[in-house]
Amino acid sequence: MKLSVKDAMRCVGCQSCMFACSRRSGNAGLSNTCIGVRSTGGISRGYTVIVCRSCKNPPCANVCPTGALVPQKNGGVRLKASKCIGCGFCKEACIIDAVFWNEEQNKPVICVQCGICAEYCPYDVLELIKDEKEVSYE
Amino acid sequence: MNENDTLSRVLYIDLTKKKFWVKGRKELFEKYLGGTGVATQLLMEECPEGIDPFSPESPIIFAVGPLTGVFPLASKTCAMFKSPHTGDLGESHAGGRSAIAIRMAGYGAIVIKGASEIPVYLSIHDGKVFFKNAETLWGMKDGSIPARVIRQNEKGEGLRAIFRIGQAGENLVTYSNVITETYRHFGRLGLGAVFGSKKLKGLIVSGKRMIEVTNKKEYRKLYNDIYNIATDSPVMKKYHDIGTPVNIKTLNTLKALPIKNLQKSTSESIEPLTGEEMAKNHLARRVACAHCPVACIHLAYLREPYEDDPYFFKTTPVGYDFELIYSLGTMVGIYDPTQMLKLIDKVEEVGVDAMSMGVILAWITEMLERNKISGADIEELQIKWGDADAYIKLVDKITHPKTAFLKACAKGVDFAANKYGGKEFAMQFGKNEMPGYHTGPAGYLGFLLGARHSHLDNAGYSIDQKELLDNTLAPEKVVDKLLDEEAIRQILSSIAVCFFARGIYNLKLVSQGLKLLGFNLDENQLHEIGRQIHLNKYQFKIREGFNFDKLTIPERIYETEDPTGQITKEFIQTGLDYAQKQIN
């Protein structure tokens, strides 16, 4: 399973994906989102969509001092919240800014490749590739 | 409302003392929900009676609603202030990221008072307000540049709203805008000038909170119901596909589209400006307000060659919608889309209301044709219908006025026509320039009642088209319908849902949604709150001088053919007399 940005040019900036991601907690708002949509130098220039690329050798996990971020077999990481001390090294280590932060909990929010964001994208910007063989890590 | 909901927090900012504080106003939100309802009360509390709108004591209120950040299409911020354009209630709604950002920053409303001695912009993050020096941004020609500088200097990418004014606001043009996210506006009644009078260049606000709901399962279900209607049903299709310009063709066929200052109501030349043709030849992309899947904002790419180098082009994404095509196209006789887009781009650059500016340009053109003003009054510009380049120069001259006539034009068409004549074709209602609907008497009654917020928009054009085309209705019935519809609209703008979503959010759905936020109100109770909010708005309007007897009506509306053939002095006057009794 891998989440990817199919075509950012079709993104309208509606944030439906961000709200869907945060809604996994059951509540409203944006505190829990781990997908980001921002303008590419102003809205007139379109949008950049930021999702976790589930790296094979994740820099975020490599800098975690407490082992709270556990690399997964097929790439990406899972968060063991009880081990996390909220140091923020992981956030700094991700050069595409795909480690998001829950300010209320002071902990990272990590993409689990569930694809709910893609389900709520009305413009086919995102896709979740379910068959591992089709996943390209380019 | 839910105990932990930060909606009840009102952020007060004093620009004179450079201080800020937060007050919990749970009682206010429980009584009036948010948005328009709460902003009206805050305006009543904060605005001294009879105050000059440019005085430091004159407040600016922004309010969002309980459903903001919870359900899609609840993305409007309601701004309230005393209007420097009409002298009474200033109410203006905008989307963009404004509402989501204010709600996610942990506030239900923001009250701005006082005035700064130096230009500032406000930076609102993490529960703090920073007063940033905006001296360097003041006076910049293109209003989008200050926004870029603020963007580069501040945090909160993807989560922030950036409000800013242009030169028109700095120069106190009474119909200047506050622009948010480049393409959305707190338009019409001069909020930009109130910002300017406080030396407030703009503000940035961001945040990322959780909003608790009372029942998670119910929440998911209701969310999906609303989301599915918004994305799959025909209800939002009009806004999604061609957008509001779909009305250009319809109104032109009906003979309801103002052409050249409403000298006519239809034209054979408008085909290139129809929504269909604009989409085919000019639409480049669509964008959305935050938390709205519809994406009704239509952008065209304007490609302008440089005269001195044929291999250089200025390429600008320009937003267009029905009101812009009317006011800066048909109203001024421009039928070439590229010429119209150039004029729209100029109006955006200086930061004035497009409808007001279009009506004023049209009125000036007719004043010249009738020799009621001279070339000297407009600094010897050569103006004629359809000449976008000349109008672009005129927009600059009005926003930096040097002659007495241009200074009057910077205060609106009503002010200028009172001084220079031409009132019979100065297309204003309650001192606000008309929108693009010459649909019939219900539309005009709606403008005159001032029942809706600033856009002069109202349910009247729909009554004209649905009920007055082949039949007739007593003026009293029309007024009853207008006022009844307004009660519902006050609820929508209080919770704060976009009016384009009125086909989705009926009062039953609103009641269900509010329950998840801890408000227990049935449909009848909501209707009653809506009526009360509407009366509260009139209370402020009347306190500040709104008077049915003082309304003036341009003769032109009786002369130009309309779809109903029922625009008569008698119809309008009977309707107004009846409305006055209902409201007082």
ask   = Of the listed residues (A:M9, A:R10, A:Q15, A:R45), which shares the most heavy-atom pairs with chain B below a 4.5 Å separation?
value =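 The option with the most such pairs is A:Q15.
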task = Just give me the residue among A:A28, A:C11, A:S22 that pairs up with chain B most often, heavy atom to heavy atom, under 4.5 Å.
result =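 Greatest number of close heavy-atom pairs with chain B: A:A28.
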Proximity breakdown for [X] and chain B, heavy-atom pairs closer than 4.5 Å:
X	result
A:S44	both
A:C121	backbone
A:T48	neither
A:Y120	both

So for [X], is it side chain, backbone, both, or neither that comes closer than 4.5 Å to the heavy atoms of chain A?
X	result
B:I100	side chain
B:V294	backbone
B:R286	both
B:F71	neither

Best-contacting candidate, [options], against chain A by heavy atom pairs under 4.5 angstrom:
options	value
B:R97, B:R148, B:R160	B:R97
B:R151, B:E212, B:M104	B:R151
B:G319, B:P293, B:P317	B:P293
B:I162, B:N224, B:T316, B:N215	B:N224

inquiry  = Check the orientation of B:Y219 and B:Y223. Use parallel for under 30°, tilted for 30 to 60°, and perpendicular for over 60°.
reply    =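 Geometry flag for B:Y223 against B:Y219: perpendicular rings.
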ask   = Judged by atom type as modelled, is there a donor-acceptor pair below 3.5 Å linking the side chain of B:R209 to the main-chain atoms of A:G29?
value =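 Not confirmed, B:R209 side chain does not pair with A:G29 backbone.
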inquiry  = Can you give me the closest heavy-atom contact between A:V51 and A:I35, atom names plus distance?
reply    =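 Shortest heavy-atom contact: CG1-CD1, 3.5 Å.
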request  = Write down the atom of A:C17, the atom of A:L126, and the distance for their closest heavy-atom approach.
outcome  =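 Closest approach of A:C17 to A:L126, heavy atoms only: CB-CD1, 3.9 Å.
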key: Test of ring centre spacing under 6.0 Å for B:F186 and B:F163   =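 Judged by ring-centre distance (under 6.0 Å), B:F186 and B:F163 do meet the cut-off.
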query = Would you call A:W101 and A:C90 a side-chain contact if the rule is heavy atoms closer than 4.5 Å?
reply =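 Yes - at least one pair of side-chain heavy atoms lies under 4.5 Å apart.
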key: Neighbour count above 12 (heavy atom, 6.0 Å) for A:F89 CZ   =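 No, because the 6.0 Å sphere around CZ of A:F89 holds 12 heavy atoms or fewer from other groups.
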inquiry  = What I want to find out is whether B:K221 reaches B:E218 closely enough, with some N-O distance under 4.0 Å, to be called a salt bridge.
reply    =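 A salt bridge is absent here (no side-chain N lies under 4.0 Å from a carboxylate O).
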ask   = Cut-off 3.5 Å, side chains only: do B:D142 and B:S144 have a donor facing an acceptor?
value =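 The answer is yes; a qualifying pair exists.
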